[in-house]
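Numbers restart at 1 for each chain; the letters A, B, ... are given by sequence-line order, proteins then strands. Below, each value reflects all heavy atoms present in this structure, side chains not excepted, and no hydrogens, waters or symmetry copies. In this text, all values refer to a predicted model and were calculated from it rather than measured experimentally.
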Number of protein chains: 2
Amino acid sequence: MNSEFTIAVHSLVYLAYVPERMASSEALADNVGTHPARIRKVMSVLRKSGYVATREGAGGGYRLTAEPNEVSLGDIYRVMAQGSLMPSWCSGDPEMDCVVGSNMKQVMFGIFCTAEKRLETHFNAITIRDVLGQIHDCVDCE
Amino acid sequence: MNSEFTIAVHSLVYLAYVPERMASSEALADNVGTHPARIRKVMSVLRKSGYVATREGAGGGYRLTAEPNEVSLGDIYRVMAQGSLMPSWCSGDPEMDCVVGSNMKQVMFGIFCTAEKRLETHFNAITIRDVLGQIHDCVDCE
DNA sequence: TTGTACTGTAATAATATCAGTTACAGTTCA
DNA sequence: TGAACTGTAACTGATATTATTACAGTACAA
């Protein structure tokens with residue numbers, strides 16, 4: 001999996017943490033630990049998916065529009081990283097003569113698809129609010 | 001995830017399909033669609049884990065030693081690809097001042113760990129025999 | 001006992017993916 | 001009108017992945 005999913009989750013949690021004001025791509029990049037341009041790319045997807053509002057121009061930036069307890073990591077996974085479980089390279093060749101070699105690609109595809117559904121089910125149960133809660137729990141433990 | 005998991009599963013299924021004879025790395029590479037040296041590398045791990053026997057020299061190769069219905073994809077995942085769900089790059093920095101930025105790495109780590117456990121649970125329920133069965137089902141459907 | 005056919009393993013090369021960066025047009029506010 | 005932003009694409013460098021080569025070691029068979 002590439003890290004856009006992580007960046008998206010981190011950004012949304014941060015926006016949920018400062019709901020009253022807009023955060024610029026630079027502020028988010030600082031917090032996430034990456035480059036502002038990368039943040040803008042990720043946020044662009046989240047805007048198109050309806051999770052954040054953006055404003056260009058001076059004083060602009062990003063603001064969470066969805067309710068933190070109504071956005072799950074599953075939602076984010078689907079828009080940022082769906083299909084990333086299956087390796088890009090897959091074995092077998094449908095054209096070949098052997099039963100195993102010719103059907104393996106299809107069978108493994110099915111296995112990876114159901115595996116990914118499992119993963120999504122797991123992520124569906126975790127909301128942005130939950131993640132923010134876990135972060136606050138970290139502090140309480142210190 | 002890199003594709004060694006897929007290569008391992010494919011190879012074991014193939015060996016389960018031809019249990020009476022040894023398969024050379026070249027025969028397996030042909031069936032899987034990769035280079036013999038890569039097969040040997042993967043099989044070396046499977047040998048050390050006790051799933052296959054190998055024999056060097058003329059007429060040598062690989063043979064399945066485990067029972068196809070006793071080896072699960074979860075077993076294979078653990079030896080070939082454990083930890084591959086979490087992206088190599090992760091956000092946040094424990095040293096920083098912000099609660100979100102400083103704890104996110106740890107929280108996401110936990111989320112990815114439990115997600116991977118879910119994945120393993122799913123893979124645990126699928127055996128090499130099941131995969132071979134699915135391949136035979138493919139043929140019946142044609 | 002020697003040649004042939006294998007595995008084991010490491011090193012290297014080629015390729016693909018990922019992350020960082022730069023650049024600039026477009027937008028908004030003051 | 002200038003400053004502070006986003007949106008997006010292009011490019012660069014780093015890292016991960018796969019392919020390939022090479023060769024030492026092992027086992028069988030003539």
Side-chain angles (χ1 to χ4, degrees), chain A residues 1-8 10-11 15 21-49 51-65 80-93 105, chain B residues 1-8 10-11 15 21-49 51-65 80-93 105:
Chain A
M1 189 171 343
N2 78 20
S3 47
E4 294 196 344
F5 171 70
T6 303
I7 292 174
H10 189 140
S11 299
L15 293 178
R21 58 186 168 84
M22 291 207 113
S24 69
S25 62
E26 200 181 332
L28 281 165
D30 244 32
N31 203 267
V32 170
T34 185
H35 200 275
R38 211 174 167 208
I39 295 287
R40 295 203 286 270
K41 190 178 163 214
V42 168
M43 297 312 276
S44 180
V45 177
L46 295 179
R47 170 177 55 82
K48 285 167 189 161
S49 306
Y51 301 117
V52 300
T54 71
R55 203 172 64 226
E56 300 181 21
Y62 303 91
R63 184 172 54 81
L64 192 64
T65 50
M80 300 308 306
Q82 191 154 57
S84 66
L85 184 64
M86 184 152 50
S88 51
W89 187 96
C90 264
S91 73
D93 172 9
K105 194 162 257 172
Chain B
M1 185 171 344
N2 78 21
S3 47
E4 293 197 344
F5 170 69
T6 303
I7 292 174
H10 189 140
S11 299
L15 293 178
R21 60 187 167 83
M22 294 207 112
S24 69
S25 62
E26 200 182 332
L28 281 166
D30 245 32
N31 203 267
V32 169
T34 186
H35 200 275
R38 207 168 172 214
I39 295 288
R40 295 202 286 268
K41 189 177 163 218
V42 168
M43 297 311 279
S44 179
V45 177
L46 294 180
R47 171 177 55 82
K48 284 167 188 158
S49 305
Y51 301 116
V52 300
T54 71
R55 202 173 63 228
E56 299 181 22
Y62 304 91
R63 185 171 54 83
L64 193 64
T65 49
M80 300 308 306
Q82 191 153 59
S84 66
L85 185 63
M86 184 152 49
S88 51
W89 188 94
C90 266
S91 74
D93 171 10
K105 193 162 259 173

Practice item. Test L85(B) against M1(A) for side-chain contact (heavy atoms from CB on, under 4.5 Å), laying out the working first. Key: CA-CA 6 Å; L85(B) 185 63; M1(A) 189 171 343; 3.9 Å; yes
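- A distance of 12.5 Å separates OG in S3(A) from CE in M86(B), rounded to the nearest 0.5 Å.
- Counting to the nearest Å, the P atom of dT18(D) and the CD atom of E4(B) are 7 Å from each other.
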Show which side-chain atoms of residues 27-36 of chain B pair as donor or acceptor with protein atoms under 3.5 Å away, not counting sequence neighbours.
from	atom 1	to	atom 2	distance (Å)
N31(B)	OD1	G101(A)	N	3.3
N31(B)	OD1	H10(B)	NE2	2.8
H35(B)	ND1	A37(B)	N	3.3

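- Nucleotide dT17(D) holds its C1' atom 15 Å from the CG atom of N2(A), rounded to whole Å.
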Check your understanding: Can you check side-chain contact (heavy atoms from CB on, under 4.5 Å) on E4(B) and K41(B), steps first, answer last?
Key -> CA-CA 9 Å; E4(B) 293 197 344; K41(B) 189 177 163 218; 3.3 Å; yes
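- At least one side-chain nitrogen or oxygen of T54(A) sits closer than 4.0 Å to the OP1 or OP2 atom of dG7(D).
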**Study point:** Verdict with reasoning, S44(A) to R40(A), per side-chain contact (heavy atoms from CB on, under 4.5 Å)
**Key:** CA-CA 6 Å; S44(A) 180; R40(A) 295 203 286 270; over 6 Å; no
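- Between the CD1 atom of I7(B) and the CH2 atom of W89(A) there is a distance of 4.5 Å, given to the nearest 0.5 Å.
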Output a table of nitrogen or oxygen pairs between the protein and nucleotides 28-30 of chain C separated by less than 3.5 Å.
from	atom 1	to	atom 2	distance (Å)
dT28(C)	O2	A58(A)	N	3.1

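- Not one side-chain nitrogen or oxygen of W89(A) sits closer than 4.0 Å to the OP1 or OP2 atom of dA16(C).
- Listed in residue order, the members of residues 35-48 of chain B having a heavy atom less than 4.0 Å from DNA chain D are H35(B), A37(B), R38(B), R40(B).
- Between S88(A) and dA16(C) there is no side-chain polar atom (N or O) within less than 4.0 angstrom of OP1 or OP2.
- One finds a side-chain N or O of T34(A) lying less than 4.0 angstrom from the OP1 or OP2 phosphate oxygen of dG20(C).
- Two residues are said to be in side-chain contact when any heavy atoms from C-beta on lie closer than 4.5 Å; M43(B) and S11(B) meet this criterion.
- For the helix from dT1(C)-dA30(D) to dA30(C)-dT1(D), the axis fitted to the five pairs at one end and the axis fitted to the five pairs at the other end meet at an angle of 10° (nearest 10 degrees).
- Rounded to a whole Å, the OH atom of Y62(A) is 12 Å from the P atom of dC5(D).
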**Study point:** Worked verdict on M80(B) versus L46(B) for side-chain contact (heavy atoms from CB on, under 4.5 Å)
**Key:** CA-CA 9 Å; M80(B) 300 308 306; L46(B) 294 180; 4.3 Å; yes
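- Note: CZ (F5(A)) to C1' (dT17(C)) measures 20 Å, nearest angstrom.
- The two residues L15(B) and Y62(B) come nearest to each other via the heavy atoms CD2-O, 3.5 Å.
- Non-hydrogen atoms lying under 4.0 Å from DNA chain C are contributed by S24(B), S25(B), all within residues 23-30 of chain B.
- For Q82(A), the side-chain contact (heavy atoms from CB on, under 4.5 Å) criterion is met by R78(A), E116(A), E120(A), not counting sequence neighbours.
- When rounded to the nearest whole Å, the span between CE of M86(A) and C1' of dT17(C) equals 17 Å.
- Of all heavy-atom pairs spanning Y51(B) and L64(B), the tightest one is O-CD1, 3.6 Å.
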